[in-house]
Amino acid sequence: MEINQVMVIGAGQMGSGIAQTAASSGLEVLLYDVEESRAEAGRESIGKRLKKQVEKERMNDADKERIMRRLAVTTSMEKASEADVIIEAAVENMDVKKTIFAQLDAFAPAHAVLATNTSSLSITEIAAETKRPDRVIGMHFMNPVPVMKLVEVIRGLQTSDATHQTVTALAESMQKTPVEVQDYPGFVSNRILMPMINEAVYAVYEGVSTPEEIDSVMTLGMNHPMGPLTLADFIGLDTCLYIMETLQDGFSDPKYRPCPLLKNYVRAGWLGLKSGRGFYQYEGGSS
Ligand code: NAI
């Protein structure tokens, strides 16, 4: 299937990264968010990242401008009528995603593929909100999207081979490496990563060590490029909590219980890098 126009739903850290990567690979991109200011902020963050690339002489000003011209913003879901592929990257919440997919199904052309960047939620359940479950699929990018090579491509129970091929080809055209996985909670990446992060939070909660020391054990001792608590702050502690709850619900296994300290941080609004405070404090943070 030929893809010209991609629509990205949600202009946060992942949505803006996906939009940037799609536009950089030559696609026309429409970036949607619920408020104009958030959609614009997403586009601005892309401009800033590209400016850094120009400063590092990885691209020139003309390249940057060409990419920015391919990026339009909108607050109108009806614009889905112009898209060949829609990639949803709104908050990690099943009710929100179901509402979005029902709307997308109503507005998108019949040939359009509806993909979700969910970290852990059931593709099969999201697809069931539409009249085209064969055209719904998971396209799980890693953070930061412009840098990370992997895309987990998740097949829902009813996803067709044609949809899988379209999305695999799209990921490759965005210079990513797609890996096919089946639709079970957390897929592969977060089924393995999140229990490790949650265990690191338990180690803080139980006073085994400090966040700095726990991260040092994992970077220096295990050769991880980033410690689990730094990574949790980077992902967003709200997203980490949603994913642990999804694993716990999906497998009904107490080994996935989210750490009470993680819950408390999220209740306090300590969401990590994006809110200025999580396990670490960040410059410019308000909390
Ligand atoms: P974020 O909080 O940075 O951005 C979410 C965006 O969605 C916000 O701009 C918000 O205004 C928008 N939004 C909220 N309700 C909406 C609605 N009804 N319609 C459209 N937009 C809406 O979150 P982030 O980190 O970008 O995560 C987005 C998705 O990507 C989640 O499903 C998350 O699980 C997934 N993801 C996150 C990763 C991470 O490292 N943060 C990695 C891979 C996937």
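It should be emphasised that the depicted structure is a prediction, and the values quoted were computed from it without experimental measurement. Because only heavy atoms are used, hydrogens play no part in the values below, and waters and symmetry mates are left out as well, while side chains stay in. Counting convention: from 1, in listed order, for ligands and their atoms alike.
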| For Y265, which residues count as a ring-ring contact (aromatic ring centres under 6.0 Å, His included) partner, sequence neighbours excluded? | W270, F279
| said: Do the side chains of R135 and D105 get close enough for a salt bridge, i.e. N-O under 4.0 angstrom? | reply: no
| R66 and D63 ion-paired at < 4.0 Å | yes
| task | In sequence, state the C-alpha distance, the side-chain angles, and the governing distance for H140 and V181, and then conclude on side-chain contact (heavy atoms from CB on, under 4.5 Å). | result | CA-CA 10 Å; H140 182 210; V181 308; over 6 Å; no
| task | Indicate yes or no: at least one non-hydrogen side-chain atom of K255 is less than 4.5 angstrom from one of P195. | result | no
Pairs of nitrogen or oxygen atoms, one from ligand 1 and one from the protein, closer than 3.5 Å: please tabulate them with distances.
{"residue": "ligand 1", "atom": "3 (O)", "partner": "Q13", "partner atom": "N", "Å": "3.0"}
{"residue": "ligand 1", "atom": "9 (O)", "partner": "G12", "partner atom": "N", "Å": "3.4"}
{"residue": "ligand 1", "atom": "9 (O)", "partner": "D33", "partner atom": "OD2", "Å": "2.6"}
{"residue": "ligand 1", "atom": "11 (O)", "partner": "D33", "partner atom": "OD1", "Å": "2.8"}
{"residue": "ligand 1", "atom": "11 (O)", "partner": "D33", "partner atom": "OD2", "Å": "3.3"}
{"residue": "ligand 1", "atom": "11 (O)", "partner": "R38", "partner atom": "NH1", "Å": "2.5"}
{"residue": "ligand 1", "atom": "25 (O)", "partner": "Q13", "partner atom": "NE2", "Å": "3.3"}
{"residue": "ligand 1", "atom": "26 (O)", "partner": "Q13", "partner atom": "N", "Å": "3.4"}
{"residue": "ligand 1", "atom": "26 (O)", "partner": "M14", "partner atom": "N", "Å": "2.8"}
{"residue": "ligand 1", "atom": "30 (O)", "partner": "N117", "partner atom": "ND2", "Å": "3.0"}
{"residue": "ligand 1", "atom": "32 (O)", "partner": "A90", "partner atom": "O", "Å": "3.2"}
{"residue": "ligand 1", "atom": "32 (O)", "partner": "E92", "partner atom": "OE1", "Å": "2.6"}
{"residue": "ligand 1", "atom": "32 (O)", "partner": "K97", "partner atom": "NZ", "Å": "2.9"}
{"residue": "ligand 1", "atom": "34 (O)", "partner": "E92", "partner atom": "OE1", "Å": "2.9"}
{"residue": "ligand 1", "atom": "34 (O)", "partner": "S119", "partner atom": "OG", "Å": "2.6"}
{"residue": "ligand 1", "atom": "36 (N)", "partner": "S119", "partner atom": "OG", "Å": "3.1"}
{"residue": "ligand 1", "atom": "40 (O)", "partner": "N143", "partner atom": "ND2", "Å": "3.0"}
{"residue": "ligand 1", "atom": "41 (N)", "partner": "Q13", "partner atom": "NE2", "Å": "3.4"}
{"residue": "ligand 1", "atom": "41 (N)", "partner": "I235", "partner atom": "O", "Å": "2.9"}

| said: Less than 4.0 angstrom from a charged side-chain N to a carboxylate O is my criterion; do E44 and K48 meet it? | reply: no
